[in-house]
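Side-chain atoms are counted along with the backbone in the values below, which use heavy atoms only and exclude waters and symmetry mates.
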Amino acid sequence: MTTLSAEKLSLSYGSTKILDNIDLVIPKGKISVIIGSNGCGKSTILRSLARLLIPQKGTVYLDGKAIQHQSFKEVAKKLAILPQGPEAPEDITVKNLCYYGRHPHKGLFSRPTKEDHTIVERALSATKMTDFVDRTLDELSGGQRQRAWISMALAQDTDLLLLDEPTTYLDLAHQIEILALLRDLNLTYGRTIVMVLHDLNQAAQYADHLISIVNGRIYDEGPPEKVFTKNMIKEVFGLECCIIENPFDQTPLCIPIGLSTK
């Protein structure tokens with residue numbers, strides 16, 4: 001199974017430091033969720049892990065090898081990333097979008113093989129998009145469109161799947177639909193998933209490994225029951241709260257009280 005880690009990762013935009021000496025090991029076969037306030041560096045960490053950003057200091061290791069020494073095609077065979085607000089022609093069909101995921105495995109002018117067809121069909125089936133293959137993106141609901149993009153990422157056939165706020169702009173029902181899909185992909189297919197989420201209770205509910213970020217540093221990481229504390233919420237988000245046990249699955253649940261006066 002593919003491994004992903006970061007060592008002494010630092011990155012700045014001009015004079016503004018975004019990441020500050022980050023050390024991180026992504027647990028294999030688990031769902032890791034990154035949380036933190038706006039502008040704390042969550043998306044920057046994810047993009048750095050995927051080789052979309054090159055840090056000024058430190059190294060990201062993919063399968064034990066520095067990611068910047070691997071070609072984009074090598075990386076794309078091991079790691080798929082779904083950025084926030086991905087773009088494609090609105091008239092592209094779900095099926096054709098999904099086949100884009102096979103590009104890292106193909107030569108410049110090679111045609112799809114039987115293996116490509118099998119992997120694409122499996123990706124569409126896993127995301128329950130088989131009935132929508134001939135529809136264009138502009139004919140889909142927000143939740144269906146997000147599942148189409150996840151189908152494309154799955155068609156890369158990688159062990160690692162990175163997603164930047166996959167539930168943004170979706171209503172609550174579609175948010176739960178996408179998160180349940182990702183949990184199923186993790187449990188059924190053994191995918192290692194790393195994602196950024198804004199909703200704290202959803203993060204605590206769906207994460208195996210929770211990573212809280214403040215001012216470009218890791219505040220704490222580990223199982224949600226360890227990380228998701230009243231003190232962490234106060235220090236990371238400036239929010240007073242109480243933490244109770246979710247009666248349905250026993251995960252920690254944040255009940256906001258008000259802004260911290262620290």
Kindly compute the distance separating [atom1] ([X]) from [atom2] ([Y]), expressed to the nearest 0.5 Å.
X    : Y    : atom1 : atom2 : value
I67  : S48  : CD1   : OG    : 9.5 Å
I233 : I35  : CD1   : CD1   : 5.5 Å
S37  : E235 : OG    : CD    : 12.0 Å
S32  : I26  : OG    : CD1   : 4.5 Å
L137 : E139 : CG    : CD    : 9.5 Å
R47  : L162 : CZ    : CG    : 11.5 Å

Give the C-alpha distance, both sets of side-chain angles, the deciding distance and a yes or no for side chain to side chain contact (heavy atoms under 4.5 Å, CB included) between K234 and L239.
-> CA-CA 5 Å; K234 181 177 180 178; L239 190 66; over 6 Å; no
Go through the steps to decide whether S43 and D164 satisfy the test side chain to side chain donor-acceptor pair (under 3.5 Å), and finish with yes or no.
-> CA-CA 6 Å; S43 295; D164 192 359; 3.0 Å; yes
Do other residues, nucleotides or ligands put more than 12 heavy atoms under 6.0 Å from [X] [atom1]?
X    : atom1 : result
Y189 : OH    : yes
K30  : NZ    : no
K128 : NZ    : no
N215 : CG    : no
E87  : CD    : no
Y13  : OH    : yes

Are side-chain N/O atoms of [X] and [Y] paired as donor and acceptor at under 3.5 Å?
X    : Y    : value
T93  : T136 : no
E221 : H209 : yes
T118 : E121 : no
S212 : D220 : no
Q70  : K78  : yes
Y219 : N231 : yes

Step by step, work out the salt bridge (charged side-chain N to carboxylate O under 4.0 Å, His left out) result for E165 and K42.
-> CA-CA 10 Å; E165 298 185 27; K42 303 184 299 296; 5.1 Å; no
Minimum heavy-atom distance [X]-[Y], with the two atoms named:
X    : Y    : result
L11  : I54  : CD1-O, 3.8 Å
I218 : D23  : CD1-O, 3.2 Å
A76  : T158 : O-CG2, 3.4 Å
P104 : K77  : O-CE, 3.0 Å
L154 : L185 : CD1-CD2, 3.6 Å
T44  : L53  : CG2-CD1, 3.9 Å

Would you mind reporting whether H103 and Q156 have side-chain heavy atoms less than 4.5 Å apart?
->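 They are not in side-chain contact.
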Under 4.5 Å between any side-chain heavy atoms of N201 and F228, yes or no?
->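 They are in side-chain contact.
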Taking a hydrophobic cluster as the set of Ile, Leu, Val, Met, Phe, Trp and Tyr residues connected by side-chain heavy atoms closer than 4.5 Å, whether directly or through intermediates, do [X] and [Y] fall within one such cluster?
X    : Y    : value
L197 : L253 : no
I211 : I81  : yes
I34  : L161 : no
M232 : I22  : no
I176 : W149 : yes

Please report the C-alpha distance between D208 and R183 in whole Å, then the side-chain angles of each, then the deciding distance to 0.1 Å, and finally whether the salt bridge (charged side-chain N to carboxylate O under 4.0 Å, His left out) criterion is met.
-> CA-CA 10 Å; D208 300 307; R183 170 57 75 188; 3.4 Å; yes
Apply the test ring-ring contact (aromatic ring centres under 6.0 Å, His included) to residues Y99 and H117: give CA-CA distance (whole Å), side-chain angles for both, the deciding distance (0.1 Å), then the verdict.
-> CA-CA 8 Å; Y99 269 101; H117 295 317; 5.7 Å; yes
For Q175 and Q202, run side chain to side chain contact (heavy atoms under 4.5 Å, CB included): C-alpha distance rounded to whole Å, both residues' side-chain angles, the deciding distance at 0.1 Å, then the answer.
-> CA-CA 9 Å; Q175 290 175 29; Q202 289 178 356; 2.9 Å; yes
Could you walk me through whether R122 and D157 pass the salt bridge (charged side-chain N to carboxylate O under 4.0 Å, His left out) test, one step at a time?
-> CA-CA 10 Å; R122 188 170 65 212; D157 202 27; 3.4 Å; yes
Out of T251, D249, D199, which residue meets the side-chain hydrogen bond (donor to acceptor under 3.5 Å, both in side chains) rule with Q205?
->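 Single side-chain hydrogen bond (donor to acceptor under 3.5 Å, both in side chains) partner of Q205 among T251, D249, D199: D249.
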